[in-house]
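Everything below concerns the one structure shown next.
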Amino acid sequence: MRLPNDSKVGRLFIRTFGCQMNRYDSERLVEILGKHQWELVEDYRQADLIFINTCTVRDKAEQKAFSYLGRLKPLKRSRPDLVVALGGCVAQQHGEELLRRLPHLDLVVGTHSIREVPAMIARYETTGERQASVGFSYDFGDEVDGRSLASRPEVSAYVTIMRGCDNFCTYCIVPIVRGREVSRPSKEIIREVESLVERGVRAVTLLGQNVNSYGLRVTGEPDFAGLLRLLARVEGLLRIRFTTSHPKDLSSSLMHCFADLEPLCPHIHLPVQSGSDPILQLMKRGYTRAHYLQQVRRLRAIREDVAISSDMIVGFPGEGEDDFQQTLSLMEEVSFESIFSFKYSDRPQTAASRLGGKVPEEVKLRRLQTLQSLQERLTMERNKAQVGEISQVLVEGPSQAGGSQLSGRTPHNRVVNFLGTPQLVGEELPVLITAAHAHSLEGVVCVKESSSLHAVKERSWCGK
Ligand code: 5AD
Ligand code: SF4
């Protein structure tokens, strides 16, 4: 491959695995490489550079990335000029060793090295030497400038407010591969949100491994509640969400934001992981079951309708049947809106990987299935209770179902599909919920008529 130049545009294909943090990093890469005449293509066979952004939080995620990489071998053999790059947490974890293990890999890009990619490509092109960059850098650099080049942002956008994590939950590899916790300056965050809103974004999701500890270690910066209060003033910003929150750091000032700030959506992702005290202690989560439940009660006393979602791990080392039953009963007690649930998986260098009492795979699987069917029931009950209600839906785009169906989200983060025209994308509309499904709701748009709301059912309805 020759480097992109005045007469040639480089073609970039990205495959992203894992969390929102990775999706955000992939977006940044598109923008950074966009400045160097790279454009995104949808077919990897057309690409000059294939970038695989990986996740290592569970073994399965890591294996998926390696198997994808393995499938690129024949293509690289037939086109030696193709550049194959591996980024994200797997790259950070294994570093330069990957270049030795995988002869068809050219670049290894660690979690803090996205900005280095243009220079890495240039060095590789001029010297022919395969490159690895896995150092940690704790400044946010030109994140905002990169963003300002984005062609047309979606209705909702992610905004990173912090990186890394200092909690060292015993099962988790994140502090090892994403580094120490660092908060991004509030002025930069506000500037980025303002610029996104100017270009049509209506909703932002603030990202960090533990947003509740935002700003706590920096003098002169607001804490997370303070940051939310500043962002709530950005004109034209309809909705603010954030993820992820640690229950031990959920402050009462943050809880009050849910009552005070109009744009703050009444939804919180508050991972509990387990309902059993001995397991929470082995996980080093820093709270008990009773404390978690108390936090939930306090939050609901301030904002009754707040939707709470969670992450759950089954089969953590030492988890017995009683511990698992405690998890199920906590789920019933909280009645989570939705959950992400995982079988515990040993991760290298974590404290839990050295614990005894490993739970057999088939027991983990059975517990996972039991937990998921309980959650399906809880979600279904909640969805059914929405039928007949009118919700404000922010229209995000065409629905996956196709046709003239649009898809949007309620403030509680429930997905609603309904008939409508593409001009409605970006609007916030009242929608009457008419049916409940396992993972979404169905509705019809309402229009205001002599101060009462009427549902519009005709297929040909054309909005305003
Ligand atoms: N095994 C299983 N699940 C894990 N998670 C993190 N590490 C592990 C692990 N070793 C889950 C937690 C976390 C989510 C992002 O991934 O539930 O909240
Ligand atoms: Fe991992 Fe715990 Fe940090 Fe979340 S809070 S990223 S689970 S160490």
Side-chain angles (χ1 to χ4, degrees), residues 17-24 54-64 88-90 92-93 111 160-183 205-214 216-217 224 242-250 268-276 279-287 292 295 308-319 323-324 327 330-331 336 338-355 357-361 363-365 367-368 371-372 375:
F17 293 93
C19 64
Q20 285 131 336
M21 208 67 89
N22 273 14
R23 281 204 282 277
Y24 179 85
T54 60
C55 169
T56 183
V57 82
R58 285 169 296 278
D59 186 52
K60 203 163 136 195
E62 181 170 334
Q63 293 321 318
K64 264 194 208 163
C89 294
V90 175
Q92 187 68 45
Q93 190 196 341
T111 52
T160 293
I161 64 162
M162 56 204 305
R163 292 229 187 95
C165 182
D166 287 351
N167 280 318
F168 288 93
C169 302
T170 56
Y171 52 80
C172 187
I173 200 169
V174 167
I176 299 159
V177 290
R178 291 264 171 190
R180 297 287 60 73
E181 181 181 299
V182 48
S183 296
T205 302
L206 309 175
L207 288 182
Q209 302 297 344
N210 180 16
V211 293
N212 304 146
S213 58
Y214 175 83
L216 293 185
R217 280 173 227 148
F224 185 55
F242 58 83
T243 192
T244 283
S245 291
H246 198 303
K248 79 177 162 53
D249 300 320
L250 179 60
I268 186 167
H269 189 62
L270 197 61
V272 64
Q273 313 293 0
S274 167
S276 149
I279 299 299
L280 287 171
Q281 205 170 6
L282 283 173
M283 289 176 165
K284 285 218 166 60
R285 288 291 288 173
Y287 53 83
Y292 185 89
Q295 293 283 63
I308 303 175
S309 56
S310 182
D311 292 344
M312 295 294 189
I313 297 178
V314 297
F316 186 82
E319 185 189 76
D323 300 303
F324 178 58
T327 296
L330 180 130
M331 285 170 62
F336 288 113
S338 60
I339 56 162
F340 295 106
S341 50
F342 313 102
K343 286 186 287 176
Y344 167 78
S345 123
D346 263 345
R347 305 312 293 133
Q349 298 172 58
T350 58
S353 66
R354 295 187 288 274
L355 288 175
K358 294 278 153 61
V359 176
E361 208 46 40
V363 176
K364 284 193 228 171
L365 182 62
R367 287 183 188 163
L368 188 71
L371 181 143
Q372 287 178 341
Q375 185 57 45

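Since the model is a prediction, treat every value here as computed from it, not as a measurement. Numbering of ligands and ligand atoms starts at 1, following listing order.
Close approach to Y171 involves these atoms of ligand 2, each under 4.0 Å from a residue heavy atom: 7 (S). Close contacts of ligand 2 with H246, meaning ligand atoms under 4.0 Å from a residue heavy atom, involve 5 (S). Counting the atoms of ligand 2 from 1 in the order shown, those under 4.0 Å from a heavy atom of F168 are 8 (S). The ligand atoms of ligand 2 that sit less than 4.0 angstrom from a heavy atom of R285 are 2 (Fe), 7 (S).
Looking only at heavy atoms of the protein, atom 2 (C) of ligand 1 is closest to K343 O, 3.3 Å. Here the heavy atom of the protein found nearest to atom 1 (N) of ligand 1 is S345 N, 3.0 Å. Counting protein heavy atoms only, atom 16 (O) of ligand 1 is closest to R58 NH1, 2.7 Å. With respect to atom 12 (C) of ligand 1, the closest heavy atom belonging to the protein is Q273 OE1, 3.5 Å. Closest to atom 14 (C) of ligand 1, if we only count protein heavy atoms, is D311 OD2, 3.5 Å.
At a 4.0 Å heavy-atom cut-off, ligand 2 touches P175 through the side chain alone.
The cationic group of R347 does not satisfy the cation-pi geometry with Y171, failing either the under 6.0 Å distance to the six-membered ring centre or the 45° limit from the ring axis.
In summary, an N, O or S atom of C165 is located under 2.8 Å from atom 3 (Fe) of ligand 2.
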